[in-house]
Structures are given as C-alpha cells and as structure tokens.
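I have placed the structure first, in the form of structure tokens, so that the comments after it can refer back to it.
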There are 2 protein chains.
Amino acid sequence: MQHEPIVKSSISKQIAEQLRHAIINGQFKTGERLPTEDELAKRYGVSRATVREALKRLAAQNLIRSRRGPTGGNFVTQPTHEELAESLSGAATLLVGLGSMSIDEIIEARRVLQGGCLKLAARHATSDHIEQARAALDRQKLTGLTDEAFCQADVTFHRALVDASDNGMIRFVMYAIIEALVPITNMVLSYVKERHEIIAIHEHLLTALENRSEVDLDQALNRLLDYLTETFQEAQIQRDGHKLAVTPQE
Amino acid sequence: MQHEPIVKSSISKQIAEQLRHAIINGQFKTGERLPTEDELAKRYGVSRATVREALKRLAAQNLIRSRRGPTGGNFVTQPTHEELAESLSGAATLLVGLGSMSIDEIIEARRVLQGGCLKLAARHATSDHIEQARAALDRQKLTGLTDEAFCQADVTFHRALVDASDNGMIRFVMYAIIEALVPITNMVLSYVKERHEIIAIHEHLLTALENRSEVDLDQALNRLLDYLTETFQEAQIQRDGHKLAVTPQE
DNA sequence: CGATCTTATTTGTCTGACAAATACATGTCA
DNA sequence: TGACATGTATTTGTCAGACAAATAAGATCG
C-alpha cells in the first residue's frame with residue numbers, strides 16, 4: 001500500500017508559498033492584480049478566510065498591497081529599497097537584540113566591509129554625496145541635541161558615506177550593519193557622553209573622502225571603530241555597575 | 001473643533017505592529033506563549049479572524065510559530081540564523097530579479113566585500129572550514145551533475161569560505177550576496193558550459209586559503225569575478241540572440 | 001456641461017460554527 | 001500495579017455567510 005506524502009503545514013501557508021513563487025518567477029508581474037479573493041478561494045477550493053491569511057503573509061513581506069473597491073484588489077508590488085532595507089535592518093537588529101551577535105563581531109564586520117566600501121566611495125563620491133554627509137555632520141555639531149537626534153544624524157552621516165560608493169547592493173547590506181550598530185552608539189552616548197570625539201573622527205572621515213585618500217579613509221575608520229570598542233567597554237562597565245548598585249540582589 | 005488623527009491602515013496591520021513591537025521590546029520573551037486568539041480578540045475588541053490575520057503577518061516574519069491543542073498557542077520564536085539569512089537572500093534575489101540591481105553592481109559588491117571577508121578567513125579558517133569547502137569542491141568535480149546540483153555545490157563552497165571568516169554578521173550579509181549571484185551563475189552555466197574553469201578557480205581559491213595567503217586569495221577572487229563578468233556578457237549575447245531567432249517579432 | 005446620486009465591485013471585519021491536533025485525566029483489563 | 005485504550009478539554013485551523021467601507025464608473029438631474 002502506498003501512503004501519500006502527508007503535508008504537515010497549514011493550507012494557508014501552502015497557498016502563500018505557491019503565490020510567492022508565482023510572483024518571484026514572474027507569473028504575476030509587478031503592478032499586476034492578483035485574482036480576487038473570491039476567485040482564489042474558488043480556485044484553491046478553500047474559504048476566503050484561508051486565502052486572506054495567505055495574502056496577509058505576503059503583505060507582511062511587502063510582496064503585495066491591497067486596495068478596496070472596483071479596480072481594487074491585491075497588487076504585486078516591487079518592494080522599495082527602503083522597505084527591503086528596513087526589513088533587513090529589522091532582522092539585523094533582532095540578531096543583535098537577541099544577543100546572538102556580539103559587539104565585537106559587528107565592529108569587526110564593519111571594519112572589514114566598510115573598509116572596502118569606503119575605497120569605492122573614494123572613487124565614486126560626487127559633490128552631492130559629500131554635501132549630504134557635510135550636512136549630517138553639521139547637524140551633529142548643534143548644541144542641545146538629544147541623544148536620539150544625535151544618533152539619527154550619525155546614521156544619516158554614515159548612510160551618506162555608503163551612498164557615495166554608488167552601488168545598490170553595497171548600500172543594501174551596509175545600511176543593515178550601520179543600523180545594527182545604533183543601539184551600541186546610543187549606549188555609548190548615554191553613558192560616556194563624548195560627542196566631540198565622534199565629531200572629530202567624522203570630520204577626519206569626511207576630509208579624507210574629499211581628498212579621495214583611501215589611506216586616510218582607512219585610518220579614520222579604524223580610529224572610529226577603535227574608539228567605539230573602547231568606550232563601549234567603558235559604558236558597559238558603568239551600566240553594569242549602575243545596575244548592580246540599584247538591584248544588588250541577583 | 002479637533003479632528004482625531006484618523007488611522008488609515010487596517011486594524012489587523014495595526015495589531016500586527018503592536019505585537020511586533022511588544023516582541024522586539026522583550027515584553028514577550030522568546031519561547032513564551034502569547035495570549036490565545038480568543039483572548040487577544042477580546043482584549044483588542046476585534047474578531048478572532050482579524051487577530052489571526054495579524055498573527056499570520058508575524059508568522060510570515062518568523063516571529064511566532066503556532067501549535068494546536070492545550071499547551072498549544074502562538075509562541076514567540078527566535079528566528080534562526082538560517083531563517084533570517086533566508087529572508088535576507090529572498091529580498092536580495094527579489095532585487096536582482098526585478099532588475100533594480102545590475103549585475104555589475106553585484107559583482108563589484110562581491111569584489112569589494114568578499115575581498116575583506118577572505119582576508120578575515122585567511123586569519124580565522126579552521127581545518128574544519130577548509131574540509132567543508134573541499135567537500136563542496138569535490139562535489140562540483142563529479143561528472144553527470146545537473147546545472148542545479150553544480151550550482152548548489154557552488155553556493156555551498158562559497159558559504160564555507162564565508163564561514164571561515166568566523167563572523168556571524170559577515171556571514172549574514174555575505175550569504176545574501178552569494179545568493180543574489182546564483183541566477184547569474186546559473187545562466188552562465190546553461191549557455192557557456194565551462195565548468196572546468198570555475199573549478200580551476202575554486203581550486204585556486206581553496207589553495208590560497210590553505211596557505212593563508214591574502215594576496216593569492218585576492219588574486220583568485222578577482223580571477224573568478226572577471227571570469228563571471230566576461231562569460232556573463234557572452235551568455236547574455238547568446239541568450240538574446242537565441243530569443244531573437246525564436247521570436248523575431250518584437 | 002457639471003455636480004450629485006446610485007450602483008457594482010472588492011477588500012475589511014464580524015459572527016458562529018465545526019474540524020483537527022494534542023495534553024491530560026480517567027477508566028479498563030491483565 | 002501497570003500498560004493501554006478512551007474520553008475530554010483546550011487551542012489553532014478552516015469554513016460559510018453576512019455586512020461595512022472604500023471607490024470607480026455610470027446614471028440622473030439641474
């Protein structure tokens with residue numbers, strides 16, 4: 001007797017998978033409308049609720065977007081770079097937040113990968129990129145900035161540097177790494193509060209970029225990451241000391 | 001008169017967002033069980049169907065997993081490295097597939113980023129990593145392999161090289177880039193069919209790694225990417241020529 | 001011609017029900 | 001007592017049908 005291979009996963013999940021592949025393989029082109037939910041339900045022989053659960057899975061991946069009304073429906077969308085970068089940084093943040101990625105690893109990754117990225121930037125940077133970075137740096141110099149605002153400008157600055165590499169793929173992955181470092185920068189800022197050093201290093205980076213000096217860029221990057229490593233350890237000690245003082249038990 | 005800020009997005013999406021933040025902020029720890037769907041429905045004052053659509057959104061992001069029965073429910077899961085890497089490469093593949101990322105960009109990105117990665121690998125590679133790479137390379141040498149199998153072994157080989165860098169963050173992003181190159185490798189394979197050259201270059205790479213020679217690694221990587229660039233153009237010409245011959249109109 | 005009203009279509013949500021999986025308690029028989 | 005079957009409660013999975021809300025296009029009226 002032959003046993004049919006029983007399918008363990010839920011119907012809605014299977015439908016989501018099928019539709020997903022259909023979209024990726026181009027059977028539904030971007031901008032195109034999927035069949036209506038009723039139609040899909042009939043076609044798969046399931047209820048509309050099940051179809052909808054499948055569609056929501058796709059929506060969560062920014063693969064489709066829905067509109068109501070006639071001419072409405074579920075449309076295949078090309079996820080924007082923003083959205084993809086966002087989901088990517090979300091994943092990276094999660095990895096860091098859940099502690100499955102050490103600080104040292106992130107800094108090392110940044111040292112290695114951003115090093116290459118800056119080399120490209122030295123070759124491809126336009127005055128536009130440099131201006132953007134300059135603007136972000138100027139914002140960091142303002143007095144009275146909250147830590148969050150400072151950190152935000154920090155991200156903007158580094159993104160501008162990455163953009164200068166003029167490479168979409170690199171931009172895609174570097175954004176994630178930069179994002180992953182935000183919590184650390186934030187912690188350093190709240191416990192050590194030495195913005196001027198960060199600003200000085202950024203100035204160093206930007207000047208090196210303006211001069212298109214790969215050596216200087218490398219030097220500046222290492223200076224930044226060394227500084228972060230040091231102060232992060234310091235901040236950690238302070239934080240833990242603080243914590244211990246407040247909650248001595250445990 | 002004051003107008004309340006009307007909320008445009010659907011209820012299920014909002015609930016998904018709320019739960020998502022609750023999970024990321026650690027209000028629900030990993031492994032913990034969320035309230036039952038009925039409970040959530042009551043708590044948010046919506047129907048169970050709506051709650052379920054929200055939950056499916058989270059499930060699509062591998063944030064929760066569900067089990068039936070008593071002691072069952074929706075559990076917060078720590079996404080595996082695999083799952084995160086998968087969603088990441090899914091995004092990257094999409095970018096490539098939808099043509100918003102050029103081949104040149106990917107190859108350039110790989111040249112720059114993998115270059116740094118291999119430097120790390122030269123320092124950190126263990127015999128274990130090298131053996132894994134060797135095994136994948138041996139598999140590529142088998143005769144009678146389908147293009148898919150060959151390509152699969154190719155990915156395994158490069159992953160082993162990346163693993164040798166011994167850095168989770170780098171692994172995370174490099175996996176995506178490697179994955180993004182798969183369609184291109186595939187196309188090169190189907191139209192040019194020169195596996196021996198790829199194998200030779202891989203041999204070059206592996207030997208360089210065994211000798212921990214950064215210079216050789218760099219040389220081999222450039223050799224590989226130059227080769228891919230060339231043959232890809234060739235393949236493209238052949239394919240387009242073929243297409244034109246078959247469908248001369250348009 | 002233009003403004004408004006109606007109407008059809010499609011997604012969003014609700015309700016209530018039953019099916020399926022599954023842990024746990026209970027009972028039965030050796 | 002111990003192993004095994006059996007029921008039972010709980011929770012997710014799926015279904016069916018309904019109404020609400022958005023919205024584009026046609027119909028109507030001034």
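Residue numbers begin at 1 in each chain, while the letters A, B, ... track the order of the sequences. This is a predicted model, so every value here is computed, not measured.
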Is there a side-chain contact between A:H158 and A:Q114 in this structure, where contact means two heavy atoms from C-beta onward sitting under 4.5 Å apart? yes
Using OP1 and OP2 only, check whether a side-chain N or O of A:T71 sits under 4.0 Å from D:dA25. no
B:I15 CD1 to C:dC14 C1': how many Å, rounded? 13 Å
Interatomic distance, B:L40 CG vs C:dT13 C1' [rounded to whole Å]: 17 Å
Closest listed nucleotide, where the reference is the side chain of A:N74 and the choices are C:dT11, D:dT11, C:dT13: C:dT11
Using a 4.0 Å heavy-atom cut-off, does B:R67 contact any base of the nucleic acid, only the sugar-phosphate backbone, or nothing at all? sugar-phosphate
To the nearest angstrom, the CD-P distance between A:E37 and C:dT13 comes to 11 Å
May I have the distance from A:I11 (atom CD1) to C:dA21 (atom P), rounded to whole angstrom? 11 Å
Between D:dC15 atom P and A:R52 atom CZ, what is the distance in whole Å? 15 Å
Is the closest basic N to carboxylate O distance between B:E105 and A:R171 below 4.0 Å? no
Whole angstrom value for the distance that separates P of C:dT9 from CG of A:D38: 12 Å
Using the salt bridge (Lys or Arg N to Asp or Glu O under 4.0 Å) rule, take A:R43 and A:E39 through it: C-alpha gap first, then chi angles, then the decisive distance, then the call. CA-CA 6 Å; A:R43 200 177 294 184; A:E39 174 76 25; 3.2 Å; yes
Ranking C:dT10, C:dA17, D:dA9 by distance to the side chain of B:R48, first place goes to C:dA17
Proximal nucleotide (of C:dT15, D:dA22, D:dA9) relative to the A:P70 side chain: D:dA22
Give me the atom names and distance for the closest heavy-atom approach of B:H124 to B:S165. ND1-O, 3.1 Å
Quick one: label B:K13 by what it contacts on the DNA or RNA (base, sugar-phosphate, nothing), any heavy atom closer than 4.0 Å. nothing
Starting the side chain at C-beta, find the nucleotide from C:dC14, C:dT13, D:dA9 nearest to B:S10. C:dT13
As a test of reading the structure: which of D:dC15, D:dT12, C:dC14 is closest to the side chain of B:S66, going by heavy atoms? D:dT12
Rounded distance (Å) that lies between atom P of D:dG17 and atom NZ of A:K42: 13 Å
Spacing of CG belonging to B:D154 relative to CZ belonging to B:F150, to within rounding of 0.5 Å: 6.0 Å
Ranking D:dT14, C:dG12, D:dT12 by distance to the side chain of A:R68, first place goes to C:dG12
Could you check A:E53 against B:G69 and say which one's nearest nucleotide on DNA chain D is further toward the 5' end? B:G69
What nucleotide, of D:dT11, C:dT11, C:dC14, holds the atom closest to the side chain of B:A49? C:dC14
Minimum-distance nucleotide (side-chain atoms of B:T50 versus C:dC14, C:dG12, D:dG13): C:dC14
In whole angstrom, give the distance that lies between atom CD of A:E39 and atom P of C:dT9. 14 Å
